[in-house]
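Below: one structure, written as C-alpha coordinates.
Side chains are part of it too, since the values below use all heavy atoms of this structure and drop only hydrogens, waters and symmetry mates.
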Amino acid sequence: WNHYKNQVLRFPLRPPSQSIMPHSFGYRARTRKTFRREFRRNGQLPTSTYLRTFKTGQIVDVIGTGYQQKGMPHKQYHGKTGVVWNITPRAIGVELNKRVRNRVIKKRIHVRIEHVKPSRCNEDFKKRIAEANAIQKAGGKATTKRSPPGLPVAGHFVSHNKGRAVETVTPQRYVLLV
(Lines give C-alpha, C1' and ligand atoms only; values in the text may rest on other atoms or scores of the structure.)
Protein backbone atom coordinates (compact mmCIF):
# COMPACT_ATOMS: atom_id res chain seq x y z
CA TRP A 1 0.00 0.00 0.00
CA ASN A 2 2.81 2.41 0.85
CA HIS A 3 4.42 1.78 -2.49
CA TYR A 4 1.14 2.50 -4.29
CA LYS A 5 0.57 5.62 -2.19
CA ASN A 6 3.99 6.96 -3.14
CA GLN A 7 3.28 6.31 -6.81
CA VAL A 8 0.03 8.24 -6.60
CA LEU A 9 1.71 11.16 -4.86
CA ARG A 10 4.54 11.25 -7.36
CA PHE A 11 2.28 11.02 -10.44
CA PRO A 12 -1.10 12.57 -9.63
CA LEU A 13 -3.93 11.59 -11.92
CA ARG A 14 -5.09 14.46 -14.10
CA PRO A 15 -8.62 15.09 -15.32
CA PRO A 16 -9.19 14.22 -19.01
CA SER A 17 -9.32 17.90 -19.98
CA GLN A 18 -5.67 18.41 -19.00
CA SER A 19 -3.18 16.75 -21.29
CA ILE A 20 0.30 15.67 -20.25
CA MET A 21 1.60 16.27 -23.80
CA PRO A 22 3.49 19.55 -24.29
CA HIS A 23 2.12 22.18 -26.63
CA SER A 24 4.23 22.15 -29.79
CA PHE A 25 5.02 25.03 -32.12
CA GLY A 26 7.01 23.08 -34.72
CA TYR A 27 7.60 23.96 -38.36
CA ARG A 28 4.74 21.68 -39.49
CA ALA A 29 2.51 22.00 -36.42
CA ARG A 30 -1.25 21.61 -37.07
CA THR A 31 -0.80 20.51 -40.70
CA ARG A 32 -2.35 17.04 -40.36
CA LYS A 33 -5.03 17.78 -42.94
CA THR A 34 -3.27 20.57 -44.82
CA PHE A 35 -0.52 18.51 -46.42
CA ARG A 36 -2.34 15.19 -46.69
CA ARG A 37 -3.14 13.57 -50.00
CA GLU A 38 -6.74 13.36 -51.16
CA PHE A 39 -8.80 10.25 -50.54
CA ARG A 40 -7.72 7.40 -52.86
CA ARG A 41 -4.98 9.59 -54.35
CA ASN A 42 -2.06 8.03 -52.46
CA GLY A 43 1.14 6.76 -54.04
CA GLN A 44 3.33 8.36 -56.64
CA LEU A 45 2.42 11.60 -58.35
CA PRO A 46 1.41 11.46 -62.02
CA THR A 47 4.17 11.99 -64.56
CA SER A 48 2.49 15.16 -65.83
CA THR A 49 3.55 16.86 -62.58
CA TYR A 50 7.20 16.55 -63.60
CA LEU A 51 6.65 17.32 -67.30
CA ARG A 52 5.08 20.74 -66.75
CA THR A 53 6.99 23.72 -68.04
CA PHE A 54 7.05 26.92 -66.04
CA LYS A 55 8.11 30.30 -67.38
CA THR A 56 9.21 33.44 -65.61
CA GLY A 57 6.23 35.69 -64.93
CA GLN A 58 3.74 32.82 -64.96
CA ILE A 59 1.06 32.81 -62.24
CA VAL A 60 1.14 29.66 -60.09
CA ASP A 61 -0.60 28.24 -57.00
CA VAL A 62 1.60 26.98 -54.14
CA ILE A 63 0.05 23.82 -52.68
CA GLY A 64 2.07 21.53 -50.42
CA THR A 65 1.88 17.86 -51.44
CA GLY A 66 2.48 15.23 -48.78
CA TYR A 67 4.13 12.85 -51.24
CA GLN A 68 7.33 14.87 -51.54
CA GLN A 69 8.58 16.33 -48.26
CA LYS A 70 11.66 17.96 -49.77
CA GLY A 71 11.22 21.53 -50.94
CA MET A 72 7.84 21.80 -49.23
CA PRO A 73 6.58 25.33 -48.57
CA HIS A 74 5.84 26.57 -45.07
CA LYS A 75 2.24 26.08 -43.99
CA GLN A 76 1.47 29.80 -44.24
CA TYR A 77 2.19 29.75 -48.00
CA HIS A 78 -0.12 26.77 -48.64
CA GLY A 79 -2.86 27.81 -51.08
CA LYS A 80 -1.27 31.14 -51.98
CA THR A 81 -0.96 32.40 -55.55
CA GLY A 82 2.24 33.99 -56.79
CA VAL A 83 4.41 34.78 -59.79
CA VAL A 84 7.43 32.74 -60.93
CA TRP A 85 10.64 34.77 -60.66
CA ASN A 86 13.32 32.06 -60.80
CA ILE A 87 13.68 28.57 -62.26
CA THR A 88 16.17 25.95 -61.05
CA PRO A 89 16.56 22.30 -62.14
CA ARG A 90 14.14 20.85 -59.57
CA ALA A 91 12.39 23.88 -58.11
CA ILE A 92 11.02 27.27 -59.01
CA GLY A 93 11.14 30.57 -57.19
CA VAL A 94 7.74 32.09 -56.45
CA GLU A 95 7.11 35.68 -55.36
CA LEU A 96 3.94 36.05 -53.29
CA ASN A 97 2.35 38.31 -50.73
CA LYS A 98 2.40 37.63 -46.99
CA ARG A 99 0.25 39.60 -44.58
CA VAL A 100 2.11 40.62 -41.44
CA ARG A 101 -0.10 42.51 -38.99
CA ASN A 102 -1.19 45.66 -40.84
CA ARG A 103 0.97 45.40 -43.98
CA VAL A 104 1.56 43.10 -46.92
CA ILE A 105 5.15 42.02 -47.63
CA LYS A 106 6.40 40.50 -50.88
CA LYS A 107 8.18 37.23 -50.13
CA ARG A 108 10.35 35.15 -52.46
CA ILE A 109 10.47 31.42 -51.78
CA HIS A 110 11.85 28.41 -53.63
CA VAL A 111 9.49 25.44 -53.90
CA ARG A 112 9.92 22.10 -55.64
CA ILE A 113 7.73 21.57 -58.70
CA GLU A 114 5.66 18.90 -56.91
CA HIS A 115 4.21 21.64 -54.68
CA VAL A 116 3.34 24.07 -57.50
CA LYS A 117 0.68 24.02 -60.20
CA PRO A 118 -0.31 26.55 -62.87
CA SER A 119 -2.99 28.90 -61.62
CA ARG A 120 -6.38 29.17 -63.29
CA CYS A 121 -7.12 32.60 -61.82
CA ASN A 122 -6.88 34.50 -65.12
CA GLU A 123 -8.52 31.99 -67.50
CA ASP A 124 -11.66 34.14 -67.81
CA PHE A 125 -9.56 37.21 -68.59
CA LYS A 126 -7.60 35.39 -71.31
CA LYS A 127 -10.84 34.07 -72.78
CA ARG A 128 -12.32 37.60 -72.98
CA ILE A 129 -9.16 38.89 -74.68
CA ALA A 130 -9.24 36.06 -77.26
CA GLU A 131 -12.92 36.76 -78.02
CA ALA A 132 -12.29 40.51 -78.37
CA ASN A 133 -9.32 39.90 -80.68
CA ALA A 134 -11.36 37.49 -82.83
CA ILE A 135 -14.16 40.07 -83.21
CA GLN A 136 -11.66 42.78 -84.08
CA LYS A 137 -9.95 40.58 -86.69
CA ALA A 138 -13.30 39.81 -88.29
CA GLY A 139 -13.78 43.55 -88.82
CA GLY A 140 -16.19 44.08 -85.96
CA LYS A 141 -16.26 46.89 -83.45
CA ALA A 142 -13.57 46.73 -80.76
CA THR A 143 -15.04 45.78 -77.40
CA THR A 144 -13.71 46.43 -73.94
CA LYS A 145 -11.63 43.71 -72.34
CA ARG A 146 -12.81 44.54 -68.84
CA SER A 147 -15.19 42.33 -66.95
CA PRO A 148 -18.74 43.65 -67.45
CA PRO A 149 -20.54 44.72 -64.28
CA GLY A 150 -23.47 42.62 -63.11
CA LEU A 151 -26.78 44.14 -64.23
CA PRO A 152 -29.70 44.49 -61.81
CA VAL A 153 -32.38 41.82 -61.92
CA ALA A 154 -35.47 42.81 -63.94
CA GLY A 155 -38.71 43.40 -62.03
CA HIS A 156 -40.87 40.33 -61.45
CA PHE A 157 -43.46 38.88 -59.10
CA VAL A 158 -42.42 36.34 -56.52
CA SER A 159 -44.92 33.48 -56.27
CA HIS A 160 -45.45 31.50 -53.13
CA ASN A 161 -46.43 27.83 -52.96
CA LYS A 162 -47.45 27.81 -56.65
CA GLY A 163 -51.08 28.92 -56.18
CA ARG A 164 -51.79 27.20 -52.86
CA ALA A 165 -53.00 29.07 -49.81
CA VAL A 166 -50.51 30.56 -47.38
CA GLU A 167 -49.98 28.30 -44.39
CA THR A 168 -49.49 30.00 -41.04
CA VAL A 169 -47.37 28.08 -38.56
CA THR A 170 -47.73 28.83 -34.85
CA PRO A 171 -45.94 27.12 -31.98
CA GLN A 172 -47.93 24.79 -29.73
CA ARG A 173 -48.08 25.39 -26.04
CA TYR A 174 -45.95 23.03 -23.97
CA VAL A 175 -47.98 20.91 -21.57
CA LEU A 176 -46.20 18.74 -19.03
CA LEU A 177 -47.73 15.26 -18.94
CA VAL A 178 -47.15 13.61 -15.59
Exercise. Kindly indicate whether the side chain of Gln58, heavy atoms from C-beta on, has any atom under 4.5 Å from the side chain of Trp85.
Key: no
Does Lys117 form a side chain to side chain contact (heavy atoms under 4.5 Å, CB included) with Arg52? I'd like the steps, not just the answer.
CA-CA 9 Å; Lys117 66 178 185 179; Arg52 287 189 193 126; 3.8 Å; yes
Heavy atoms from other residues, nucleotides or ligands near CZ of Arg41 exceed 12 (cutoff 6.0 Å): no
For Lys70, the side-chain contact (heavy atoms from CB on, under 4.5 Å) test, sequence neighbours excluded, returns Gln68, Arg112
Separation between CD1 (Ile105) and CZ (Arg101), nearest 0.5 Å, reads 9.5 Å
Practice problem: Side-chain contact test, heavy atoms from C-beta onward, threshold under 4.5 Å: evaluate it for Glu114 versus Gln69 and give yes or no. | Solution: no
CG (Asn122) and CD1 (Ile59) are apart, to the nearest 0.5 Å, by 4.5 Å
For Lys33 and Arg36, the nearest pair of non-hydrogen atoms, with its separation, is O-CG, 3.4 Å
Paired with Asn86, the side-chain hydrogen bond (donor to acceptor under 3.5 Å, both in side chains) test is passed by just one of Glu95, His110, Arg108, namely His110
Rounded to the nearest 0.5 Å, the NZ atom of Lys107 sits from the NZ atom of Lys80 at a distance of 12.5 Å
Is the shortest heavy-atom distance from the side chain of Met72 to the side chain of Arg28 under 4.5 Å? yes
Any Lys98 side-chain heavy atom under 4.5 Å of Gln76 side chain: yes
key: CZ/Arg90: more than 12 non-hydrogen atoms of other groups inside 6.0 Å   = no
Looking only at heavy atoms, the pair that brings Ser24 and Ala29 closest together is O-CB, 4.1 Å
Quick one, Lys75 with Phe35, criterion side chain to side chain contact (heavy atoms under 4.5 Å, CB included). Give me CA distance, side-chain angles, the key distance, then yes/no.
CA-CA 8 Å; Lys75 59 189 173 185; Phe35 293 141; 4.2 Å; yes
To the nearest 0.5 Å, atom CD1 of Ile63 lies from atom OG1 of Thr65 at 7.5 Å
Lys/Arg-Asp/Glu bridge criterion (N-O < 4.0 Å) met for Glu123, Lys126
no
- Query: Quick one: does Lys106's side chain get under 4.5 Å of Asn97's, heavy atoms only?
  - Reply: yes
So CZ of Arg32 and OG1 of Thr34: to nearest 0.5 Å the spacing works out to 11.5 Å
Interatomic distance, CD1@Ile135 vs NZ@Lys137, rounded to 0.5 Å, equals 13.0 Å
The remaining residues in the hydrophobic cluster of Val84, counting side-chain heavy-atom contacts under 4.5 Å among Ile, Leu, Val, Met, Phe, Trp and Tyr, are Leu45, Tyr50, Phe54, Val60, Val62, Tyr67, Tyr77, Ile87, Ile92, Val94, Leu96, Ile109, Val111, Ile113, Val116
